[in-house]
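Below, chain A is the first sequence line, B the second, and so on; all start at residue 1. Worth knowing before you read on, the calculation uses all heavy atoms, side chains too, and leaves out hydrogens, waters and symmetry mates. Source: prediction; values computed, not measured.
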Amino acid sequence: MRTALFITCFNDTMHPATGRAVVTLLERLGCTVDFPAGQTCCGQMHFNTGYQRDCIPLVRRFGEVFAGYDAVVAPSGSCAAMIRHHHARVAEVAGDRGLLEAVRTAPPVYELSEFLVDVLEVTDVGAYFPHRVTYHPTCHSLRMLGVADRPLALLRAVRGIDLVELPDATQCCGFGGTFALKNSDTSVAMGADKVRGVLDSGAEVLCAGDNSCLTHIGGLLSRLRTGVRTMHLAEILAATERTTATEPTTATERTTATGAPSHAVATGGGPR
Amino acid sequence: MSSAFLGMPPFPQAARRALADTQQRRNLAGATRTIRHKRAEVVGELPDWEELREAGRALKERTLRHLDHYLVQLEERVTAAGGQVHWARDAAEANRIVTRLVQETGEREVVKVKSMTTQETGLNRALETAGITAYETDLAELIVQLGDDLPSHILVPAIHRNRAEIRELFRRTMPDAEGVGDDPAELAEAARRYLRQKFLRAKVGISGANFLVAETGTAVVVESEGNGRMCLTLPETLISVVGIEKVVPTWQDLEVYLQLLPRSSTGERMNPYTSTWTGTQDGDGPRGFHLVLLDGGRTDTLADRIGRQTLNCIRCSACLNVCPVYERTGGHAYGSVYPGPIGAVLNPQLRGTGTETDRSLPFASTLCGACYEVCPVKIDIPEVLVHLRARVVEETGGRRHTPTPEAVAMRAARWVFSSPARLSAAQRLAALGSRVVARRGRIARLPGPLAGWTDARDAPAPAGEPFRQWWERTHR
Ligand code: SF4
């Protein structure tokens with residue numbers, strides 16, 4: 001099976017540690033992934049903000065870059081949902097039959113937890129993560145993709161983990177893409193309640209399958225110096241006995257601003 | 001009598017003000033949570049809920065496809081049963097018709113059953129201008145009216161008020177209510193005494209309708225308090241103002257909606273009062289019946305392939321109760337009698353996108369999808385929101401206009417994302433730029449339009465080594 005990784009533009013630029021973790025994890029599970037270098041963005045921000053025409057070249061590029069693969073894995077629920085549910089609409093807006101056909105025949109796109117549970121058929125990925133963790137089911141994973149409890153099943157199988165319930169877990173965190181800027185007051189009010197849930201859970205790590213929501217909640221957790229950090233599901237699942245000693249400390253310090261990554265998860269494990 | 005939503009600021013500003021109202025925040029959080037749970041419980045009892053929803057959607061969509069046919073059938077049957085049908089192109093015309101009909105009776109007072117459609121047309125103000133006093137008889141609607149307030153919820157228009165505020169209002173505005181306490185039963189009793197006189201005196205009743213059954217020309221009102229039953233049976237003349245999308249072909253179709261509506265709306269298996277009336281009947285109920293059918297932007301909405309599903313709405317308000325935005329901002333921020341998710345898609349279609357408020361509504365959502373999940377007629381509200389966002393962007397930033405700063409930014413982003421080389425260059429630039437503002441990988445203050453992010457949230461710094469560089473270095 002030829003599997004391609006769609007890292008997403010946001011992870012590529014802001015959270016490369018997540019991408020490295022996906023590679024580490026999948027390689028550890030014996031799955032060879034490819035990263036087609038021509039990939040950029042799925043068009044979600046443009047589409048959801050009303051700039052549907054600006055999506056057209058992005059959807060076209062996506063189709064060309066991933067044509068010929070058997071499966072595409074993306075460590076982002078909302079990007080996977082954008083591709084699965086809205087690329088056809090963009091092709092429709094473009095009035096381009098060829099593009100619509102390309103979208104229809106494109107390889108299936110899986111969010112990470114779907115790929116692990118449904119395609120690789122694993123829930124115990126051999127991870128070790130001795131921390132208290134709570135999980136936020138991001139809205140697009142939950143409602144648009146319907147990943148249900150796949151991420152929780154994966155987390156439950158992690159050795160050493162103390163998985164605690166998040167109160168009002170299914171309530172939106174308030175990120176909403178450009179909503180976070182256009183309606184920043186409401187966005188922050190919603191985020192504040194999410195933060196309250198996270199703090200009430202007693203967790204030291206908030207985990208989710210989408211770094212965009214985590215950037216929003218993590219930004220609040222960090223600003224308030226709560227001592228709770230955010231981690232993408234991939235990073236917890238990639239962690240093993242060999243890697244957990246060198247974790248970074250806060251949500252927004254996961255990536256160093258300069259130089260090469262110091263993250264052990266990033267380079268450890270897996271065949272080259 | 002009732003104030004208007006005219007001149008409201010766009011959603012973000014109105015929301016900022018509403019978010020600071022601590023009393024309202026607490027009321028709404030409590031009330032929406034209670035009703036959410038009630039709904040989830042009674043919906044969970046039905047093993048065929050999803051099939052019911054699907055039936056509710058399919059029936060509406062089929063009916064709307066043949067709306068012309070069913071409306072004509074309805075008119076025939078209503079007329080044959082002794083009623084009179086009036087067609088109103090817009091709110092102003094509907095109000096003119098109703099005012100004239102009331103004037104023809106010679107009455108100066110009317111009692112009203114809670115009706116979203118007459119809220120939409122602003123009927124009470126129009127009547128007031130003509131010297132006619134309208135009395136709202138639904139408890140929550142009465143509270144809004146007495147307080148010269150605005151409704152903030154479809155089902156519970158006074159959801160933003162608590163009982164202390166209501167007691168204060170009753171003491172101030174109702175005769176013989178000086179001594180009333182803040183116990184809900186006592187407050188309801190005071191309202192009951194106040195309303196009883198209005199019911200007994202009124203010669204004209206005004207209502208909306210939840211459904212219109214085309215095959216018999218029957219109007220249906222679903223309610224909880226019994227005030228509707230009073231208004232529909234006691235007066236001599238009954239005027240019902242109803243949107244054209246409320247028609248269903250047959251009584252059998254009602255079966256679906258009478259299961260969907262109460263469970264979605266009040267979280268009850270069945271509502272206490274369902275009143276139906278067909279034209280007029282000698283010696284029973286009103287002797288004159290007028291049905292005013294309102295278009296008010298509905299035909300235009302129907303013409304839009306994606307937007308038309310909005311007309312499926314049965315005004316249950318389940319989407320409001322689950323909406324995380326509504327729960328925090330309340331209804332007034334939406335600048336319309338239709339707040340919440342349904343308001344965010346309905347207003348810009350019925351009223352158009354001519355005002356800043358209406359243009360801001362499609363953006364007043366995180367697209368979390370909670371509304372779609374509960375909607376009993378399966379309106380994909382996020383899909384319609386995004387569709388309307390595109391319409392707003394076309395109208396304000398489209399090719400015919402000077403581009404807005406946002407449109408320029410979006411075009412620049414498209415340009416960057418159209419080439420991996422450009423993306424790499426942009427990543428290098430961002431990492432460089434962030435060195436200036438980042439402390440230990442954390443940015444506390446961003447410049448320009450991004451400042452809204454860092455007002456309350458830290459931002460991460462772009463990575464020194466983007467993923468694609470790492471891959472290049474380790475996997476090639
Ligand atoms: S949109 Fe759906 S959930 Fe909202 S009020 Fe209408 S019918 Fe109810």
Could you go through the side chain to side chain contact (heavy atoms under 4.5 Å, CB included) check for A:His86 and B:Val386 one step at a time?
-> CA-CA 11 Å; A:His86 298 317; B:Val386 167; 5.9 Å; no
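To the nearest 0.5 Å, atom CG of residue B:Asp458 and atom CZ of residue A:Arg225 are 5.5 Å apart. One finds the CZ atom of A:Arg61 at 6.5 Å from the OG atom of B:Ser419 (value rounded to the nearest 0.5 Å). To the nearest 0.5 Å, atom CZ of residue B:Arg16 and atom CG of residue A:Asn183 are 9.5 Å apart. To the nearest 0.5 Å, atom CD of residue B:Glu373 and atom CG of residue A:Leu142 are 6.5 Å apart.
Heavy atoms of B:Leu450 lying under 4.5 Å from chain A belong to its backbone as well as its side chain. Only the side chain of B:Thr329 has a heavy atom closer than 4.5 Å to any heavy atom of chain A. Proximity to chain B is absent for every atom of A:Arg60, based on heavy atoms less than 4.5 angstrom apart. When heavy atoms are compared at a cutoff of 4.5 Å, B:Ala444 approaches chain A by way of both its backbone and its side chain. Contacts between B:Arg328 and chain A at a heavy-atom distance below 4.5 Å involve the side chain alone, from C-beta outward. When heavy atoms are compared at a cutoff of 4.5 Å, A:Leu220 approaches chain B by way of both its backbone and its side chain. Contact of B:Arg391 with chain A is not made at all, since no heavy-atom distance falls under 4.5 Å. For B:Arg25, the part lying under 4.5 angstrom from a heavy atom of chain A is the side chain only. Residue B:Ala413 touches chain A through both its backbone and its side chain, counting heavy-atom pairs closer than 4.5 Å. Proximity to chain B involves both the backbone and the side chain of A:Asp34, based on heavy atoms less than 4.5 angstrom apart. B:Arg17 does not touch chain A: none of its heavy atoms, backbone or side chain, sits under 4.5 Å away. For B:Ala430, no part sits under 4.5 Å from any heavy atom of chain A, backbone or side chain. Proximity to chain A (any heavy atom under 4.5 Å) is shown, for B:Thr454, by both the backbone and the side chain. Interface residue A:His216: backbone and side-chain heavy atoms are both found under 4.5 Å from chain B.
For the pair B:Arg468 (side chain) and A:Gln39 (backbone), a donor-acceptor distance under 3.5 Å is present. B:Arg457 places a side-chain N or O within donor-acceptor distance of the main-chain N or O of A:Ala180, the cut-off being under 3.5 Å. Judged by distance alone, the side chain of A:His140 and the main-chain N or O of B:Gly369 form no donor-acceptor pair under 3.5 Å.
The closest side-chain heavy-atom distance from B:Phe467 to A:Leu5 is below 4.5 Å. For the pair A:His85 and B:Glu383, the minimum side-chain heavy-atom distance is 4.5 Å or more.
Nearest approach of B:Leu423 to A:Asp12, heavy atoms of both residues: CD2-OD2, 4.1 Å.
Taking the six-membered ring for Trp and thresholds of 30 and 60 degrees, A:Phe35 and B:Trp471 have ring planes inclined between 30 and 60 degrees apart.
If you run side-chain hydrogen bond (donor to acceptor under 3.5 Å, both in side chains) between A:Tyr51 and each of B:Arg389, B:Arg411, B:Glu406, B:Arg414, only B:Glu406 comes through.
Partners of A:Asp210 by side chain to side chain donor-acceptor pair (under 3.5 Å), not counting sequence neighbours, listed by chain and number: A:Ser76, A:Ser78, A:Ser212.
Comparing A:Thr178, A:Ile7, A:Thr138 by heavy-atom pairs within less than 4.5 Å of chain B, the highest count is held by A:Ile7.
Residues A:Arg20 and B:Thr474 have side chains that never bring a donor and an acceptor to within less than 3.5 angstrom of each other.
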